[in-house]
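Some notes on the structure that comes next.
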Number of protein chains: 2
Amino acid sequence: MLNFIRRDRPRQVVKKKITLKHIARELDVSISTVSKALKNSDEISQDTKEKVQAFARLYNYKPNNIAISLKNKRTKNIGVIIPDIVHHFFTTVFRGIEQYANEKGYNVIVCVSDESFDKEVINMEMLANGSIDGFIMALSAETQKRNDFNHLREVTEQGIPLVLFDRVTDEIDCDKVLIDDEQAAFDATARLIRSGKRHVALFTTEGYLNVSSKREQGYRKALVAEGLPVEEALILRLPYQFEEESLSEAFFRERRFDAVLCVNEIFAVRGMRLAQGMGYRVPEDISFIGFTDGLLSRYASPSLTSVAQHGERMGAVAAEMLIEKVEQEYDETDRKSYRTEIIPSSLVERESTALG
Amino acid sequence: MLNFIRRDRPRQVVKKKITLKHIARELDVSISTVSKALKNSDEISQDTKEKVQAFARLYNYKPNNIAISLKNKRTKNIGVIIPDIVHHFFTTVFRGIEQYANEKGYNVIVCVSDESFDKEVINMEMLANGSIDGFIMALSAETQKRNDFNHLREVTEQGIPLVLFDRVTDEIDCDKVLIDDEQAAFDATARLIRSGKRHVALFTTEGYLNVSSKREQGYRKALVAEGLPVEEALILRLPYQFEEESLSEAFFRERRFDAVLCVNEIFAVRGMRLAQGMGYRVPEDISFIGFTDGLLSRYASPSLTSVAQHGERMGAVAAEMLIEKVEQEYDETDRKSYRTEIIPSSLVERESTALG
DNA sequence: TATTAACACGAAACCGTTTTCGATAGCCCC
DNA sequence: GGGGCTATCGAAAACGGTTTCGTGTTAATA
């Protein structure tokens, strides 16, 4: 009597999803027969198959994902944990992940750690209990600062694949995908010097971020490589969300530099603006290069030469590495070996640097 | 013999998750006893409870989410489908969703429709088979253009709660949360006029986007309300990702306008730049107001007066509405009534408009 | 005519929980 | 000493699938 169409809700007919059991009942066969018929198993007669398949189509049968996950012990979900989502770089990486994952039939569960260690841990634990087949993550600032990676260790010890990107740690053995931050900073700095600049300043963040320090290293090495002194006074460490004033005007007024490498777009754009406000010309008097080639770089005036980090590529690679691990988990009794991929970045030249 | 610790992997001990069954075996009690003991049921003796709980703690037992989902027919996941993720507004909305959902113990699965109807449909179908308890979505451009909402209808008919935000449709009966686009455009336009501008131009997108046309309406009404003529020649329809040239210089050279309302940041920033390049002063000669108060508005020079849309608020409200529906689904034999919430936007005044 | 193989299907176990409904044992009481 | 309680636990069904392993029927073969 088609009793799976519930009509007990008052004014709205709710067509509940139908199950194998319903089909079996209606067609007076067993559940296993239905299951096999839908998979076109040759155990089942042509006749029965057609009956079942027609019925299933008619009532739009779709197998329940949860039940399949439980049976297969695979969810086809991957968990992504990032420090922030309102952030151009992470967003582009996420897009790369989502695209690749989707192609492969995976869904993506995102959690935002908000740069907090606790949230990172909680989110991981939530997802690690069967909700996902693997993790892709960038560590929160707090986690990097505390140097506590037990939550990661727990997960990998359980055999759950993990891919770290951008904000990684050496403490954990897993796949990683990185930006060549040091190299990029090196190249950008060298590029400034070769265009005739002699005093290159660095605007970086104060604090613990791995990436900033790598960029600083590249900057230093480039100076040395080009035979220039590292002038510590030209390295300005700014608070993350700094206000106009903190980019001290005095620093500009003295102006003992003719070019600036900035570890992000915002520092660069604000720097340019301050410089222009004080009558300097960009790039003639001061050149600027930023990191993170986002909207700001493109639309600033002058437009900003910037290190493009190809986040989307990074995300795709991370997803590829993860899914490979997830799927091999079930083939070979694996030999685990972990890779670290470096995603090359490139310098997008715009108006804030004079063409050397 | 603690046989749930598998040591058959070569060099890496894999501590597989333990289950009720394992605990039961080790402690020589039944699965039901273990389950009850862990829930502190008073059916179970203090003795047994302590034994079980201690064991569970020791081996870090956590119930399997998938199994629980199957049993409860609730996943504690919500599905979010948005047209794009590398997009400031959607990203902020997502953040609002994620935060609220997380507080309530829900996880968020994101799918990007990429403005494609087909992807939207596929993603919905994927998730609708048990993976999520409800949907939050903004329609893809193609969906809006085709006016085909059967996929939404299917889902709601199955009794799956749905909340639409920003890009919505009247065709579907469900909760909605909207920006007061028309009002915001009205206010912004009025604001320009009251500051003494008499010829306000509009830079909008060509095409079907619901939001753009609402903003245009508000713009038109404001002109009328202020007793000014609507000059069609001052309405410029630009391709979505337009290049410098397309914002025709001629339009600026004639300059039959002294203020511009732009339906997004990018149009505004490019407009300002072009204007400045041609020697006009902003805001003295031409004032600018944009929509979407993002990084560009903040860091442009001059900084851009912009309509802030409070995406985070919007996301939080959407999540709240959805979760309410999801949870009531299981209480009352519901009286479904759908709400439409309007999230007020506000004008963030910056340098691109003269203080009226 | 007895044996056997192919065919078509169903029973049951399983994935990991929760929960209902006994069932057993010990104890008190009359 | 039997009836009734309570305390403590286990069996089993259920969620919705997949899959292994029968099993009964029929037809082909010796």
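Throughout, a chain's letter reflects where its sequence line sits, starting with A, and its residues are numbered from 1.
If you check dG17(D), dC9(D), dG16(C) against the side chain of Leu20(A), the one that comes closest is dG17(D). With distances taken from any side-chain atom of Ile31(B) to the nucleotides dG17(D), dG10(D), dT18(C), the minimum falls on dT18(C). For Val29(B), counting side-chain heavy atoms from C-beta on, the closest listed nucleotide (dG10(D), dC9(D), dG16(C)) is dG10(D). For Ala67(B), counting side-chain heavy atoms from C-beta on, the closest listed nucleotide (dG16(C), dG16(D), dG10(C)) is dG16(C). When the nucleotides dT20(C), dC9(C), dT18(D) are ranked by their closest atom to the side chain of Ile68(A), dT18(D) comes out on top.
Contact check on Asp133(A) versus Lys76(A) returns no salt bridge, with no Lys/Arg side-chain nitrogen under 4.0 Å from an Asp/Glu carboxylate oxygen.
Dense packing is recorded around CG of Asn150(A), with more than 12 heavy atoms of other residues, nucleotides or ligands lying under 6.0 Å away.
Pairing each heavy atom of Gln99(B) with each of Asp114(A), the nearest pair is NE2-OD2, 4.1 Å. In terms of heavy atoms, Tyr338(B) sits closest to Asp173(B) at CE1-O, 3.6 Å.
We find that NZ of Lys17(A) is positioned 16 Å from C1' of dC15(D), with the value rounded to whole Å. For the pair Glu43(B) CD and dT24(C) P, the computed distance is 17 Å after rounding to whole Å. As rounded to whole Å, 16 Å separates atom C1' of dC15(C) from atom CG of Asn65(A). Atom CZ of Arg74(A) and atom P of dT18(D) are 15 Å apart (whole Å). The distance between atom CG of Leu38(B) and atom P of dG16(C), rounded to the nearest whole Å, is 16 Å. The nearest whole Å value for the distance from the CG atom in Asp47(A) to the P atom in dT25(D) is 19 Å. Protein atom CD1 of Ile44(B) is 7 Å distant from nucleotide atom C1' of dT8(D), rounded to whole Å. The separation between His22(B) atom NE2 and dC15(C) atom P is 8 Å, rounded to whole Å.
Look at Lys39(A) and you'll find a side-chain N or O under 4.0 angstrom from OP1 or OP2 of dT18(D). Contact between the side-chain N/O atoms of Ser35(B) and the OP1/OP2 oxygens of dT18(C) is found at a separation under 4.0 Å. Applying the 4.0 Å criterion to OP1 and OP2 of dG16(D), one finds that Tyr61(A) has every side-chain N and O outside that range. Remark: Ser32(B) is not in phosphate contact with dC9(D), judged by side-chain N or O atoms under 4.0 Å from OP1 or OP2. Note on Lys21(B): a side-chain N or O is less than 4.0 Å away from OP1 or OP2 of dC15(C). Residue Lys73(B) places at least one side-chain N or O under 4.0 Å from the OP1 or OP2 atom of dG16(D).
For a distance-only test at 3.5 Å, the side chain of Lys71(B) qualifies as a donor-acceptor partner of the base of dT18(C).
Along DNA chain D, the nucleotide closest to Thr33(B) and the one closest to Leu70(B) are compared, and the more 5′ of them pairs with Thr33(B).
Residue Lys36(B) is classed as a base contact, given a heavy-atom separation below 4.0 Å to a base. Note on Ser45(A): only backbone sugar-phosphate atoms sit closer than 4.0 angstrom, heavy atoms only; bases stay farther off. At the heavy-atom level, Thr48(B) lies under 4.0 Å from the strands shown only through sugar-phosphate atoms. When heavy atoms are screened at a 4.0 angstrom cut-off, Thr19(A) is found touching the sugar-phosphate backbone but no base atom.
Test Asn77(A), Asn107(A), Thr75(A), Asn65(A) against Ser131(B) for side chain to side chain donor-acceptor pair (under 3.5 Å) and you get one pass: Asn65(A).
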* **Pair Ser35(B)-Ser32(B), side chain to side chain donor-acceptor pair (under 3.5 Å): steps then yes or no** => CA-CA 5 Å; Ser35(B) 175; Ser32(B) 15; over 6 Å; no
